[in-house]
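Only one structure is covered here, and it is reproduced in the block below.
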Amino acid sequence: MPELPEVESIKRTLEKNILKKRILDAKIFWPSAVISVPGEDFVELLKDKIIDGLSRRGKYLLLHLDNNYTLIVHFRMTGRLVYYKEKTTVDKHTHVVICLEQGELHYSDIRKFGRIQIVSTENIHDVPFLAKLGPEPLDESFNFILLGQQLAKKKSSIKAALLDQTVLAGLGNIYTDEALFKAGVLPQRNIESLKVSEIILLYDSICEVLKEGIKAGGTSFRDYRDANGNKGLFQESLMVYGRAGQACKVCGQKLTKAKVAGRTTVYCLGCQK
DNA sequence: AGTGGCTCCTGAGCGC
DNA sequence: TGCGCTCAGGAGCCAC
């Protein structure tokens with residue numbers, strides 16, 4: 001499930017292959033996967049355009065085209081964007097193929113939650129989900145004071161707040177559980193109960209797990225692949241996510257599993273307070 | 001404003 | 001072997 005480190009890894013592997021390449025055509029196999037500009041044809045907006053740049057905002061990947069349009073890709077659970085040097089056959093989960101002057105870009109998604117949207121670049125800040133996104137945790141301008149201010153807007157559990165993309169952009173279930181473990185904070189804790197020292201620890205932990213995730217090329221728990229079709233390695237470094245019932249790698253205590261903020265959550269009662 | 005439930009989807013894993 | 005069930009979940013939406 002692509003979160004910030006996975007989308008960043010896709011962006012980095014994609015940059016090497018598709019930057020400055022011209023789009024010749026696009027084929028849509030499952031129309032619900034794409035959202036066009038009202039009154040415009042998705043494929044026509046792509047044809048003959050050059051991919052001028054790539055960026056990432058939270059869990060969204062942005063492909064900037066030279067006609068002042070931007071493709072926004074949200075992978076949700078099982079979305080993939082893979083570059084192939086040669087023409088490649090599609091499978092039943094391939095929803096969009098973007099044909100480049102050299103190679104093809106395949107968008108596939110088993111669970112069909114993801115979407116590719118094209119918007120006019122000048123209106124990009126009006127796109128609701130982008131406009132509402134909270135700060136980028138790895139931006140230089142982000143710090144523990146800003147984290148504290150963002151958290152103070154909420155009155156929920158710390159886990160629910162960290163998953164809220166308007167509080168902070170890019171965290172999903174995996175990195176939230178990992179950051180909370182590293183910070184020694186229980187996911188059910190109410191935000192108001194957090195001490196400044198814990199906010200600082202949380203800030204450091206969020207940055208660390210995200211950076212380690214990027215360094216490892218993301219987490220391939222099940223479906224995630226980068227733009228070259230390769231798995232990430234961070235799943236080998238996970239301390240709690242997916243390890244319910246197993247021994248804590250730090251204290252040896254059996255890890256606890258519970259529903260917090262409607263999500264499966266794993267934590268250590270020995271290490272997290 | 002918060003939570004919980006529903007929705008969109010498919011595949012894995014399980015019991016029988 | 002295969003059926004039916006449960007679970008996984010990002011995020012928008014709605015009811016309470």
Side-chain angles (χ1 to χ4, degrees), chain A residues 1-8 10 28-35 56-62 72-81 90-96 106-117 119 126-134 136-137 149-180 187-194 210 213 218-225 231-232 234-235 238 240-246 255-267:
Chain A
M1 48 220 80
E3 302 179 27
L4 189 155
E6 288 75 38
V7 180
E8 183 64 28
I10 293 169
I28 299 168
F29 299 97
W30 189 62
S32 303
V34 305
I35 303 166
R56 180 192 57 73
R57 180 77 174 96
K59 303 174 195 172
Y60 297 89
L61 178 71
L62 309 176
I72 306 170
V73 185
H74 194 12
F75 299 95
R76 286 293 214 281
M77 295 295 298
T78 52
R80 285 185 194 178
L81 198 56
V90 301
D91 65 22
K92 61 175 176 174
H93 302 305
T94 309
H95 305 317
V96 181
H106 286 217
Y107 173 77
S108 64
D109 185 2
I110 293 172
R111 282 179 224 178
K112 298 183 170 177
F113 285 3
R115 295 289 179 267
I116 301 184
Q117 182 168 3
V119 298
D126 299 330
V127 177
F129 52 80
L130 287 182
K132 284 190 272 181
L133 283 180
E136 280 293 323
Q149 286 170 351
Q150 287 298 102
L151 292 177
K153 294 177 183 173
K154 307 287 288 185
K155 288 184 173 169
S156 61
S157 66
I158 182 63
K159 166 118 184 186
L162 292 177
L163 286 173
D164 185 336
Q165 301 300 299
T166 70
V167 169
L168 196 59
L171 288 182
N173 209 26
I174 298 176
Y175 292 93
T176 298
D177 275 11
E178 293 299 310
L180 285 166
Q188 303 87 335
R189 285 275 298 280
N190 192 285
I191 288 163
E192 289 171 346
S193 77
L194 294 175
L210 291 176
T219 304
S220 290
F221 200 73
R222 285 196 187 84
D223 303 288
Y224 168 71
R225 297 292 184 277
K231 289 185 178 189
F234 196 62
Q235 62 278 8
L238 294 175
V240 285
Y241 182 87
R243 301 192 66 247
Q246 297 180 42
L255 296 174
T256 306
K257 176 174 160 177
K259 283 261 184 224
V260 182
R263 303 271 173 264
T264 300
T265 303
V266 185
Y267 50 92

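Lettering follows sequence order; numbering is per chain, from 1. Since the model is a prediction, treat every value here as computed from it, not as a measurement.
- Considering only the side chain of A:Arg111, C:dA8 comes nearest among C:dG10, C:dA8, C:dG12.
- A:Lys112 has a side-chain polar atom (N or O) that falls below the 4.0 Å cut-off from OP1 or OP2 of B:dT10.
- Using a cutoff of 4.0 Å between basic side-chain nitrogens and carboxylate oxygens, A:Arg80 and A:Asp109 are not scored as salt-bridged.
- Residue A:Lys92 places at least one side-chain N or O under 4.0 Å from the OP1 or OP2 atom of B:dG11.
- Taking the centre of each ring, A:Tyr175 and A:Phe234 come in below the 6.0 Å mark.
- Taking 4.0 angstrom as the limit, A:Thr264 places a side-chain polar atom (N or O) nearer than this to OP1 or OP2 of C:dG9.
- Residue A:Lys132 places no side-chain N or O under 4.0 Å from the OP1 or OP2 atom of C:dG12.
- Among the protein residues, A:Asn173 comes within range of the sugar-phosphate backbone only, with heavy atoms under 4.0 Å from sugar or phosphate atoms but none that close to a base.
- Checking the phosphate oxygens (OP1, OP2) of C:dA8, a side-chain nitrogen or oxygen of A:Lys259 falls inside 4.0 Å.
- No hydrogens or angles were tested; on distance alone, nothing pairs the side chain of A:Arg76 with the base of C:dA11 as donor and acceptor under 3.5 Å.
- Atom NE2 in A:His74 sits about 18 Å away from atom P in B:dC8, given to the nearest Å.
- Residue A:Met77 has its side chain nearest to C:dG9 when only C:dG9, B:dT10, C:dA11 are considered.
- A salt bridge links A:Arg57 with A:Glu136: the closest approach of a Lys/Arg side-chain nitrogen to an acidic carboxylate oxygen falls below 4.0 angstrom.
- Distances from the side chain of A:Lys155 to the nucleotides C:dG9, C:dG12, B:dG2 place B:dG2 closest.
- Contact annotation: side chain of A:Arg263 to base of C:dA11, donor-acceptor pair present below 3.5 Å.
- Checking C:dA8, B:dG2, C:dG10 against the side-chain heavy atoms of A:Ser156 singles out B:dG2 as nearest.
- Look at A:Lys257 and you'll find a side-chain N or O under 4.0 angstrom from OP1 or OP2 of C:dA8.
- Computed from coordinates, the A:Ile72 CD1 to C:dG10 C1' distance equals 16 Å when rounded to whole Å.
- Atom CG in A:Asp223 sits roughly 10 Å away from atom C1' in C:dA8 (whole-Å rounding).
- Between C:dG9 and A:Tyr241, a contact under 4.0 Å exists linking OP1 or OP2 to a side-chain N or O.
- The listed nucleotides are B:dT10, C:dG12, C:dG10; the one nearest the side chain of A:Phe129 is C:dG12.
- At the phosphate of B:dT10, neither OP1 nor OP2 sits under 4.0 Å from any side-chain N or O atom of A:His93.
- Side-chain contact of A:Asn173 with A:Lys159: a donor-acceptor pair under 3.5 Å is present, judged by distance alone.
- The phosphate of C:dG10 (OP1 or OP2) has no side-chain N or O of A:Gln165 nearer than 4.0 angstrom.
- Classified by interplanar angle (parallel below 30°, tilted 30° to 60°, perpendicular above 60°), the ring pair A:Tyr60/A:Phe129 is parallel.
- A:Lys154 has a side-chain polar atom (N or O) that falls below the 4.0 Å cut-off from OP1 or OP2 of B:dG2.
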